[in-house]
Each structure stands twice: as structure tokens, then as C-alpha cells.
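The first residue in the sequence is number 1, and the count goes up from there.
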Amino acid sequence: MSQSGNGASGIDNTFRKKFDREEYLQRARDREAKEEARNKSKSNGPPVQRKPLKHRDYEVDLESRLGKTQVVTPIAPLSQQAGYYCSVCECVVKDSANYLDHINGKKHQRALGMSMRSERATLEQVQQRFEVLKKRKDTPGFTEQDFDERILKQQQEEEERKRQRREKKKEKKKEKAAEDETEIDPDVAAMMGFGGFGSSKK
């Protein structure tokens, strides 16, 4: 019994990984079939049509919580935590600048059902807008005469206020002088040898 070499025949001792070509080809085919099925399921429905952007019909409140302190607890709901709460996206934004960016951003507009494209204006809409602006321009605004009248009226009101203040001061001085005179008993003042307890200035 003689064996040639260092090992028996039929034993793989090369220590290299052998790839089964057929097995990996089958795996690749399966993966491609799954991807095609996934892509078909996504594209089966009609494409989502979103409304164009429209003008905001409410005022954004950025200053109501300005300068106020608030106790924040970890168990508080999102709407009561520190910052600005977006009820549409259910998120909290920490400052007003980021909140403004958020409500003007793509994610928020998509949640509202709008695309980021604006509606194209028609010729009639542009003409109507021009008419509105012309009417607004034609309405009489301020003239130089109105401006001069307002300045004169303001100056007169200011002079009247100053005159009233001066009269009030004079009345207070008279009242104070009258009180000082009534407080001093003339007999006591004569006995002590002076005219009054007040200052020499009148």
C-alpha cells in the first residue's frame, strides 16, 4: 500500500474558499425579482398630486412667549415643552428662526398637502392685481399741506401741555406756602424770637 504525497486522494486541503457559481447566480436572480416586485408595488398607484403653494391665511405668533420663563419636565407632552410646537408635524423647534424655517420648509408643506411649486398666474389675475394697485394709488394720501397742519396741531398741543404743567407747579407752590404759614403759631414764633421755621427763600 503505497500512497503518494502527503494526503489521501479526494480530500481538499488547499484552505481556499470555493464559490458555488450556480448558488450565487440564483441568489442574484432572487434579489432582482424582489426589487422589481417592490418597484412595481410603488408605481401601481396614481402619482400623488399635491396642491400648489398658497398664501398663509393666519398670523404666525413668534412673540407671545418672548421673555417668559417656563418649567420644563421630561414627562410633559410635546406641546408643553420649551420651544415652538408644530401640531401638523408633531415636533418641537427650539427658537423662532428655526420655527419659521420649519413652517416654510418642504416637510411641513408636504404634511399640509402642498408641493413647493407656486401656482402660475393667469393673464386675468395679473390684470385684476394691477387694477387693485391702481385704485390704491389713486386714493388721496398725505399731502404736504396735511403734514404741515399735523405739525402745527402737535406744536399747539405741546405748548398747551407745557402751560398746564406751569400752572400746576404754581398752584402747588401756593398750597405749600399756605400750609407753611398755618403751621406756625405766631405767639410761639414771637416768643422764640424769629418769624418762622421755613427757609429764608420764598
Side-chain angles (χ1 to χ4, degrees), residues 1-139 141:
M1 283 199 181
S2 66
Q3 292 182 350
S4 63
N6 52 4
S9 62
I11 297 174
D12 186 15
N13 58 1
T14 58
F15 302 107
R16 287 189 172 189
K17 191 173 184 180
K18 301 276 190 217
F19 289 99
D20 187 6
R21 204 169 171 78
E22 292 300 319
E23 180 186 351
Y24 286 102
L25 278 173
Q26 187 59 36
R27 284 187 187 179
R29 287 187 195 116
D30 292 344
R31 187 178 66 243
E32 286 174 0
K34 285 181 185 177
E35 286 178 2
E36 284 179 21
R38 194 178 323 138
N39 288 340
K40 283 182 183 177
S41 67
K42 283 184 180 177
S43 63
N44 280 347
V48 177
Q49 280 289 22
R50 297 183 186 280
K51 295 181 285 185
L53 277 176
K54 63 178 182 177
H55 182 66
R56 212 178 357 252
D57 56 353
Y58 60 92
E59 197 69 32
V60 179
D61 182 26
L62 297 175
E63 298 175 355
S64 66
R65 298 169 75 179
L66 192 66
K68 294 185 180 177
T69 57
Q70 180 179 1
V71 177
V72 180
T73 60
I75 58 171
L78 279 176
S79 61
Q80 295 175 358
Q81 287 187 1
Y84 294 88
Y85 176 69
C86 176
S87 58
V88 176
C89 304
E90 295 181 354
C91 65
V92 176
V93 185
K94 295 300 177 190
D95 60 359
S96 59
N98 285 337
Y99 179 68
L100 203 55
D101 287 343
H102 169 75
I103 61 175
N104 290 332
K106 196 174 194 178
K107 180 183 172 190
H108 185 81
Q109 298 300 332
R110 281 218 171 143
L112 290 174
M114 289 187 274
S115 67
M116 293 303 286
R117 295 192 179 114
S118 59
E119 189 175 10
R120 194 170 172 89
T122 62
L123 179 63
E124 292 84 25
Q125 289 173 331
V126 174
Q127 288 173 341
Q128 288 173 357
R129 186 70 178 164
F130 276 134
E131 290 299 321
V132 169
L133 292 174
K134 280 181 187 175
K135 287 177 184 175
R136 191 183 300 170
K137 191 176 181 181
D138 291 341
T139 57

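Applying the side chain to side chain contact (heavy atoms under 4.5 Å, CB included) rule to Asn98 yields the partners Val93, Asp95, Asp101; only residues at least two apart in sequence or on another chain are considered. Ser115 meets the side chain to side chain contact (heavy atoms under 4.5 Å, CB included) test with Arg50, Arg117; sequence neighbours excluded. Every residue was checked against the side-chain hydrogen bond (donor to acceptor under 3.5 Å, both in side chains) condition with Asp57, not counting sequence neighbours, and none meets it. The salt bridge (charged side-chain N to carboxylate O under 4.0 Å, His left out) check on Arg27 picks up Glu23, with sequence neighbours excluded. Scanning for side-chain hydrogen bond (donor to acceptor under 3.5 Å, both in side chains) contacts around Ser64 gives Asp61, with sequence neighbours left out. In this structure Glu22 satisfies the side-chain hydrogen bond (donor to acceptor under 3.5 Å, both in side chains) test with no other residue, sequence neighbours excluded. With sequence neighbours excluded, no residue forms a side-chain hydrogen bond (donor to acceptor under 3.5 Å, both in side chains) with Arg29. Applying the side chain to side chain contact (heavy atoms under 4.5 Å, CB included) criterion to Lys106, with sequence neighbours excluded, gives Arg110, Met116. Under the rule for a side chain to side chain contact (heavy atoms under 4.5 Å, CB included), the partners of Ala111 that lie at least two apart in sequence or sit in another chain are Val88, Cys89.
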Please list, one pair per line, the donor and acceptor atoms closer than 3.5 Å that link side chains of residues 119-132 to other protein atoms, with sequence neighbours excluded.
unit_1, atom_1, unit_2, atom_2, d
Thr122, OG1, Gln125, N, 3.4
Gln125, OE1, Thr122, N, 3.0

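For Gln70 against Gln81, the heavy-atom pair with the smallest separation is NE2-O, 4.0 Å. Nearest heavy atom pair, residue Ala82 against residue Val72, reads CB-CG2, 3.6 Å. Considering all non-hydrogen atoms of both residues, His102 and Cys86 come closest at NE2-SG, 3.3 Å.
The backbone N or O of Arg21 sits nowhere less than 3.5 Å from a side-chain atom of Gln26 that would complete a donor-acceptor pair.
Sequence neighbours left out, not one pair with a member in residues 63-83 passes ring pair (Phe, Tyr, Trp, His ring centres under 6.0 Å). Contacts classified as ring pair (Phe, Tyr, Trp, His ring centres under 6.0 Å) and involving residues 54-93 (residues at least two apart or in different chains) are given here: Tyr84-Tyr99.
Residues Arg56 and Ile103 meet the side-chain proximity criterion, which asks for heavy atoms closer than 4.5 Å.
Environment of CD in Glu63: sparse, with no more than 12 heavy atoms of neighbouring residues, nucleotides or ligands closer than 6.0 Å.
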